[in-house]
A.B. asks: 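Quick one: the structure is below, questions incoming.
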Amino acid sequence: MMEELVKRAIHVSVICQPSTQTGTCNLLLRVDNRSPIPLIQLTTKLWFTRHGQERETGGLTVTCVDDDVDLEKSLLGGSVKNSMVLLDEAALDEQPFVTGTYRNTLASGLVSESLVAVETEWPVQIAGKIAVEFVSPGTGNTLSVSHRFGLQVRQLMPCWFEQECSSVAANPESLSIGINIEKARSIFEVPPTRGICVGSVFKMGSDSEYLALRIDSISDDCKTASCAWLSSSDNTRLNALIPVLTEEFSSIG
């Protein structure tokens with residue numbers, strides 16, 4: 001019973017940071033020890049697989065970014081350097097994974113963080129799982145807390161906003177989509193001081209090759225917008241992302 005209470009007090013989360021290059025993103029791994037006991041012999045494991053498929057991940061690599069920064073932060077303001085380092089990195093034929101270990105005991109009330117870089121050959125939807133294992137101080141049993149998460153295609157593409165639409169050709173399929181303006185502001189990091197109006201565009205990709213959502217109309221309450229997909233090129237692989245992105249944006253509406 002006590003072990004179950006301890007496990008419930010361990011909060012594990014994965015936060016996806018904005019992408020700076022197509023096919024990449026950084027994941028912030030957080031382990032929050034809200035239990036009354038220290039976590040001993042703490043290890044972390046990551047699993048990745050392509051969403052909706054049991055096998056191919058599309059060439060995925062995972063590496064630790066921040067071995068030389070403060071990785072453990074106290075909720076009370078203290079810090080301990082290098083609490084977590086990803087020691088082993090491997091890529092199986094079917095499913096890459098990473099295993100990490102903590103150099104120090106994670107005391108009660110402390111949060112440990114680590115930044116991990118994910119890189120794929122091409123943006124794909126990825127399903128992931130993180131598991132944290134530690135030794136019970138009472139029985140010596142290995143306890144585990146896990147959390148499932150997902151990466152969407154849009155999270156593996158740089159996203160930015162432009163007030164006015166530059167010269168891009170409309171997608172041949174002429175697909176349109178309704179989006180939530182407030183959520184779009186968050187995704188594309190549009191500050192409150194910048195207005196969003198008809199003709200504004202939300203872009204994804206690189207400066208030379210990108211997809212864009214052009215706002216064609218805005219609802220009377222200014223909460224939603226009707227957008228048309230635009231593409232900077234006739235790249236078949238790039239344009240094939242439009243239906244997937246349409247589904248992703250529709251799901252957050």
Side-chain angles (χ1 to χ4, degrees), residues 14-28 48 50-53 56-66 91 96 115-128 149-177 179-181 183-191 193-216 225-252:
V14 178
I15 302 170
C16 181
Q17 299 183 337
S19 171
T20 58
Q21 182 178 343
T22 299
T24 68
C25 72
N26 287 339
L27 300 179
L28 181 64
F48 295 93
R50 187 167 181 172
H51 178 69
Q53 299 186 25
E56 182 185 359
T57 58
L60 183 147
T61 60
V62 183
T63 54
C64 185
V65 176
D66 56 2
L115 196 62
V116 173
V118 175
E119 182 176 356
T120 63
E121 291 180 0
W122 187 250
V124 292
Q125 290 182 330
I126 297 173
F149 61 94
L151 294 178
Q152 297 189 325
V153 167
R154 63 176 176 79
Q155 293 175 304
L156 292 167
M157 301 177 73
C159 298
W160 71 99
F161 171 77
E162 292 184 2
Q163 195 87 41
E164 297 180 357
C165 180
S166 57
S167 57
V168 289
N171 185 269
E173 298 181 30
S174 299
L175 292 175
S176 61
I177 178 178
I179 63 170
N180 181 296
I181 293 179
K183 292 180 179 179
R185 276 189 179 275
S186 175
I187 293 170
F188 291 88
E189 299 184 315
V190 185
T193 54
R194 296 196 67 183
I196 294 178
C197 57
V198 172
S200 297
V201 288
F202 301 103
K203 290 186 175 181
M204 292 153 280
S206 65
D207 290 337
S208 60
E209 200 167 60
Y210 54 83
L211 297 173
L213 283 169
R214 182 192 63 211
I215 296 180
D216 288 341
S226 177
C227 302
W229 279 108
L230 308 177
S231 176
S232 65
S233 74
D234 57 0
N235 184 322
T236 303
R237 196 181 192 192
L238 177 67
N239 293 334
L241 295 177
I242 291 178
V244 181
L245 289 167
T246 298
E247 180 181 343
E248 290 182 359
F249 280 104
S250 297
S251 67
I252 62 173

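Just the heavy atoms: all of them, side chains too, but no hydrogens, waters or symmetry mates, feed the values below. Here the structure is a predicted model, which means the values were calculated and not measured.
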A.B. asks: Would you say the side chain of I177 lies within less than 4.5 Å of the side chain of C227, judging by non-hydrogen atoms?
C.D. replies: yes
A.B. asks: Check V116, I15, V14 against L28 for a side chain to side chain contact (heavy atoms under 4.5 Å, CB included) and give me the one that passes.
C.D. replies: I15
A.B. asks: Please determine which of W160, F249, F188 meets the ring-ring contact (aromatic ring centres under 6.0 Å, His included) test together with F202.
C.D. replies: F188
A.B. asks: With sequence neighbours left out, write down each residue that passes side-chain hydrogen bond (donor to acceptor under 3.5 Å, both in side chains) with T246, or none if nothing qualifies.
C.D. replies: W229
A.B. asks: Indicate the atoms forming the closest heavy-atom contact of G23 with P123, along with that distance.
C.D. replies: N-CG, 4.0 Å
A.B. asks: In Å and rounded to the nearest 0.5 Å, what is the OG to CG distance from S250 to N180?
C.D. replies: 11.5 Å
A.B. asks: Counting C-beta onward and ignoring hydrogens, is there a side-chain heavy-atom pair between C197 and I215 closer than 4.5 Å?
C.D. replies: no
A.B. asks: With a 4.5 Å limit on heavy-atom distance, are the side chains of E209 and T22 in contact?
C.D. replies: no
A.B. asks: S19 and side chain to side chain contact (heavy atoms under 4.5 Å, CB included): which single residue from L151, T24, V118 fits?
C.D. replies: T24
A.B. asks: Please check: side-chain N/O of K183 versus main-chain N/O of I252, any donor-acceptor pairing under 3.5 Å?
C.D. replies: yes
A.B. asks: Keeping the roles fixed (side chain from S232, backbone from Y210), state whether a donor-acceptor pair exists under 3.5 Å.
C.D. replies: yes
A.B. asks: Indicate the atoms forming the closest heavy-atom contact of G195 with Q163, along with that distance.
C.D. replies: O-NE2, 2.6 Å
A.B. asks: Out of curiosity, L156 CG to T120 OG1, how far, rounded to the nearest 0.5 Å?
C.D. replies: 5.0 Å
A.B. asks: What are the two closest non-hydrogen atoms of P158 and Q21, and how far apart are they?
C.D. replies: CG-N, 3.5 Å
A.B. asks: Among residues at least two apart in sequence or on other chains, which ones pass side-chain hydrogen bond (donor to acceptor under 3.5 Å, both in side chains) with N26?
C.D. replies: none
A.B. asks: Any chance you could measure L211, atom CG, to L230, atom CG, to the nearest 0.5 Å?
C.D. replies: 9.0 Å
A.B. asks: Under 4.5 Å between any side-chain heavy atoms of S176 and D216, yes or no?
C.D. replies: no
A.B. asks: Say you draw a straight line from CD of Q152 to CD of E248; how long is it, rounded to the nearest 0.5 Å?
C.D. replies: 4.0 Å
A.B. asks: Under a 4.5 Å cut-off applied to non-hydrogen side-chain atoms, are L241 and M204 in contact?
C.D. replies: no
A.B. asks: Between R185 (side chain only) and P191 (backbone N and O only), is there a donor and an acceptor less than 3.5 Å apart?
C.D. replies: yes
A.B. asks: How long is the straight-line distance from SG of C25 back to CE of M157, given to the nearest 0.5 Å?
C.D. replies: 13.0 Å
A.B. asks: side-chain hydrogen bond (donor to acceptor under 3.5 Å, both in side chains) with Q155: which residues, sequence neighbours excluded?
C.D. replies: none
